[in-house]
Colleague: 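My questions all concern the structure below.
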Amino acid sequence: MTWEYAPAPESAALANLKPAYRPFVDGEFVDGGGEPLKTLNPATEEALAEVGTASPEDVDRAVAAARRAYEQVWGPMPGAERAKYLFRIARVVAERARELAVLETLDNGKPIRESRDVDVPTASAHLFHHAGWADKLGYAGLGPDPRPVGVVGAVIPWNFPLLMAAWKIGPALACGNTIVLKPAETTPLTALVLAEIAADAGLPPGVLNVLPGAGDVGAAVVGHDGLDKVAFTGSTDVGKEIQRRLAGTGRRLTLELGGKAANIVYDDAPLDQAVDGVVDGIFFNQGHVCCAGSRLLVQESIEHEFMELLRARIETLRVGDPLDKNTDVGAINSRPQLDRIVDLAAAGDAEGATRWTSSCPLPERGLFFPPTVFSGVEQTMRVAREEIFGPVLSVLTFRTPDEAIAKANNTPYGLSAGIWTEKGSKALWTAQRVRAGVVWTNTFNRFDPTAPFGGYRESGFGREGGRVGLEAYLEA
């Protein structure tokens, strides 16, 4: 029997898309003083909505509102009362999950099944988790009487817009801080709907402020003298610039930056499980993941067998309409990002790596790049050293566990790693030696709000999530 593919599109109408969105300052949506921008659907390159952006004066007003709310309302409020607001917000995010998932897919380009099954539920879970901590901070092991740091400035990226907003808002508000959030220029919509949800939940004015805009707005937020802490998730280059700017100011800083994770497959690994883990590690969210397993390190003795299984599995992936529930790989978020992926893939060709590309057809319009694998990769090649942030996998081989460790650590990054083996002792031995903030064993890209996430070296510093993640938002 031959099975034929039948499209199963989700309704775009569920997103309740508005023609225009505005910044959220001091408890209300306001006309931003910046130049409005058009946010696009990456799958079609058509405009979704016009978004008002913030001016320097709007940043000043947002920070002042956040300071006033912190000093007069939110900071003095008992933790149990703060928790009620966070619980309300978390519940509404869960209740409006389908709407938020469709809106995220339209604005970002990721497959609807990822927005529906991963992004929105995990965002809600983070808000629920931190709501539970709000009245228990004295028992977190961070001092007998921990206090909030004050006003937080947060800048988030475009790859997980709603989830990254929840990662910043949840701990900041639970600990008694107020926040000024700057979403990515290309994906501001779900953050603004989250502001609407917060307002409907009765969150006091000024506790949460959302300022859309480009890099100039982000620079104005992180450099503002009225902040007590900056939390940034994004590229390593921008993170370095923020660190230089804040050096000597006394303001706290946490950075979650780029990565070039090694996914190590030993010869005793469960191969079918490892194949699926490698596919999930690099092609989830089109490879737009800072902790993506973009470097596959496979033991030489199983390279041929493993690569045959891997290519066969990749051939089953569907690239196409992100709103189709059957789509595995959606659209690249923006034209500049697609151009970067194309350029780095061309560098892999030029430097002598062997390119293999899935035969899956691409849509005739929109921003798409096929799942791609480079084999014969040397550690000096750009595809092995630079963060591509796209559906491109670089394959290296190793003979011994020591060689695997040496190659895994031969990177300026240190965000994540994966280990595939059926021997627990080998997994623990490897995990102890890989220099990465998060190490997965026989799985990849698994997140839980109770577990801290963060990196070392050029992948940044500080942790988000779990009890440890509260520390950056508290004064002992």
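When a residue number appears, it is its place in the shown sequence, counting from 1.
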Colleague: Minimum heavy-atom separation for D280 to N445, with atom names?
Modeller: O-ND2, 3.2 Å
Colleague: Evaluate the salt bridge (Lys or Arg N to Asp or Glu O under 4.0 Å) criterion for residues K260 and E458: first the C-alpha distance (whole Å), next the side-chain angles of each, then the deciding distance (0.1 Å), finally the verdict.
Modeller: CA-CA 10 Å; K260 193 71 178 176; E458 292 198 8; over 6 Å; no
Colleague: Check step by step if side-chain contact (heavy atoms from CB on, under 4.5 Å) holds for I332 and H288.
Modeller: CA-CA 8 Å; I332 304 303; H288 296 336; 3.8 Å; yes
Colleague: Just by distance, do the side chain of T357 and the backbone of T372 share a donor-acceptor pair under 3.5 Å?
Modeller: no
Colleague: For the pair F444 and W440, name the ring-plane relationship: parallel under 30°, tilted 30 to 60°, perpendicular over 60°.
Modeller: tilted
Colleague: Could you check whether any side-chain N or O of H129 sits under 3.5 Å from a backbone N or O of A125, counting only pairs where one atom can act as donor and the other as acceptor?
Modeller: no
Colleague: If only side-chain N and O atoms count, and only distance matters, is there a donor-acceptor pair under 3.5 Å linking N108 with T187?
Modeller: no
Colleague: So, do N333 and P42 sit near enough that their side-chain heavy atoms are less than 4.5 Å apart?
Modeller: yes
Colleague: Answer yes or no: is there a side-chain heavy-atom contact under 4.5 Å between V319 and T327?
Modeller: no
Colleague: Quick check: does any side chain N or O of N177 sit under 3.5 Å from a backbone N or O of V149, one acting as donor and the other as acceptor?
Modeller: yes
Colleague: I need the E45 CD to L40 CG distance, nearest 0.5 Å.
Modeller: 7.5 Å
Colleague: To the nearest 0.5 Å, tell me how far L296 CG sits from F374 CZ.
Modeller: 14.5 Å
Colleague: Can you confirm whether P148 sits close enough to Y70 that some side-chain heavy atom of one is under 4.5 Å from a side-chain heavy atom of the other?
Modeller: yes
Colleague: With a sphere of 6.0 Å drawn around CZ of R98, does it hold more than 12 non-hydrogen atoms of other residues, nucleotides or ligands?
Modeller: no
Colleague: For the pair F87 and F128, name the ring-plane relationship: parallel under 30°, tilted 30 to 60°, perpendicular over 60°.
Modeller: tilted
Colleague: With rounding to the nearest 0.5 angstrom, report the CG to CG distance, N285 to D119.
Modeller: 6.5 Å
Colleague: Measure the CD-OG distance between E95 and S124 for me, rounded to the nearest 0.5 Å.
Modeller: 9.0 Å
Colleague: One pair to check against side-chain contact (heavy atoms from CB on, under 4.5 Å): V51 and L189. What are the steps and the verdict?
Modeller: CA-CA 8 Å; V51 180; L189 299 186; 4.0 Å; yes
Colleague: Mind checking whether W167 and F453 have ring centres under 6.0 Å apart?
Modeller: yes
Colleague: Do V329 and P371 come close enough that some side-chain heavy atom pair is under 4.5 Å?
Modeller: yes
Colleague: For the side chain of S459 and the backbone of G414, is there at least one donor-acceptor N/O pair under 3.5 Å apart?
Modeller: yes
Colleague: Given D107, which of N41, T190, T39 fulfils the side-chain hydrogen bond (donor to acceptor under 3.5 Å, both in side chains) condition?
Modeller: T39
Colleague: With salt bridge (Lys or Arg N to Asp or Glu O under 4.0 Å) as the test, would you mind laying out the steps for D200 and R88 before giving the verdict?
Modeller: CA-CA 9 Å; D200 290 345; R88 284 181 207 146; over 6 Å; no
Colleague: Main chain of S394, side chain of R295: is a donor-acceptor contact present, judged purely on distance under 3.5 Å?
Modeller: no
Colleague: Are Y85 and W74 near enough that their ring centres are under 6.0 Å apart?
Modeller: yes
Colleague: For a quick test of reading the model, state the closest non-hydrogen atom pair linking V383 to L344 and the distance between them.
Modeller: CG1-O, 3.4 Å
Colleague: Keeping the roles fixed (side chain from R251, backbone from L246), state whether a donor-acceptor pair exists under 3.5 Å.
Modeller: no
Colleague: Could K229 and E475 be called an ion pair, given the rule that one side-chain N must be under 4.0 Å from one carboxylate O?
Modeller: no
Colleague: Could you check if a side-chain atom of V73 sits within less than 4.5 angstrom of a side-chain atom of M77, using non-hydrogen atoms only?
Modeller: yes
Colleague: Hey, can you tell me if F389 and W158 have their rings parallel, tilted or perpendicular (30° and 60° cut-offs)?
Modeller: perpendicular
Colleague: State, with a plain yes or no, whether a side-chain heavy atom of F447 is found less than 4.5 Å away from one of V118.
Modeller: no
Colleague: Mind checking whether T233 and E464 have side chains closer than 4.5 Å, heavy atoms only?
Modeller: yes
Colleague: Tell me the closest heavy-atom pair linking L470 and L142, and the distance in Å.
Modeller: CB-CD1, 4.0 Å
Colleague: Answer yes or no: is there a donor N or O on one side and an acceptor on the other, between the side chain of R467 and the main chain of A140, under 3.5 Å?
Modeller: yes
Colleague: Could you walk me through whether D237 and S235 satisfy the side chain to side chain donor-acceptor pair (under 3.5 Å) test, starting with their C-alpha distance in whole Å, then the side-chain angles of each, then the deciding distance to 0.1 Å, before giving a yes or no?
Modeller: CA-CA 6 Å; D237 288 343; S235 73; 5.7 Å; no
Colleague: Below 4.5 Å, heavy atoms only, C-beta onward: do V438 and L415 meet side chain to side chain?
Modeller: no
Colleague: Under the 3.5 angstrom rule, does the side chain of T105 hit a backbone N or O of P322 as a donor-acceptor pair?
Modeller: no
Colleague: How long is the gap from OG1 on T443 to CG on D276, to the nearest 0.5 Å?
Modeller: 10.5 Å
Colleague: Checking the side chain of D58 only, and the main-chain atoms of L211 only, is there a donor and an acceptor separated by less than 3.5 Å?
Modeller: no
Colleague: Kindly compute the distance separating CG (L203) from CG (L208), expressed to the nearest 0.5 Å.
Modeller: 6.5 Å
Colleague: More than 12 heavy atoms of other residues, nucleotides or ligands under 6.0 Å from CD of E471: is that the case?
Modeller: no
Colleague: So, does T178 use its side chain to make a donor-acceptor pair with the main chain of V151 at under 3.5 Å?
Modeller: no
Colleague: Any chance you could lay out the salt bridge (Lys or Arg N to Asp or Glu O under 4.0 Å) test for D228 and R67, step after step, and finish with the verdict?
Modeller: CA-CA 10 Å; D228 299 297; R67 175 64 60 187; 2.7 Å; yes
Colleague: Can you name the nearest heavy-atom pair linking A191 to P183, along with the distance?
Modeller: CB-CB, 3.9 Å
Colleague: Specify the closest pair of heavy atoms between D328 and E114, including all atoms of both residues, with the distance to one decimal.
Modeller: O-OE2, 3.7 Å
Colleague: In sequence, state the C-alpha distance, the side-chain angles, and the governing distance for R22 and D31, and then conclude on salt bridge (Lys or Arg N to Asp or Glu O under 4.0 Å).
Modeller: CA-CA 6 Å; R22 297 188 294 167; D31 293 325; 3.2 Å; yes
Colleague: Give the C-alpha distance, both sets of side-chain angles, the deciding distance and a yes or no for side-chain contact (heavy atoms from CB on, under 4.5 Å) between E387 and T236.
Modeller: CA-CA 10 Å; E387 185 180 36; T236 295; 5.6 Å; no
Colleague: Carefully, step by step, assess H130 and H126 under the rule side-chain contact (heavy atoms from CB on, under 4.5 Å).
Modeller: CA-CA 6 Å; H130 288 100; H126 271 268; 3.9 Å; yes
Colleague: If you look at every heavy atom in A331 and Q286, which pair is closest and at what distance?
Modeller: O-NE2, 3.1 Å
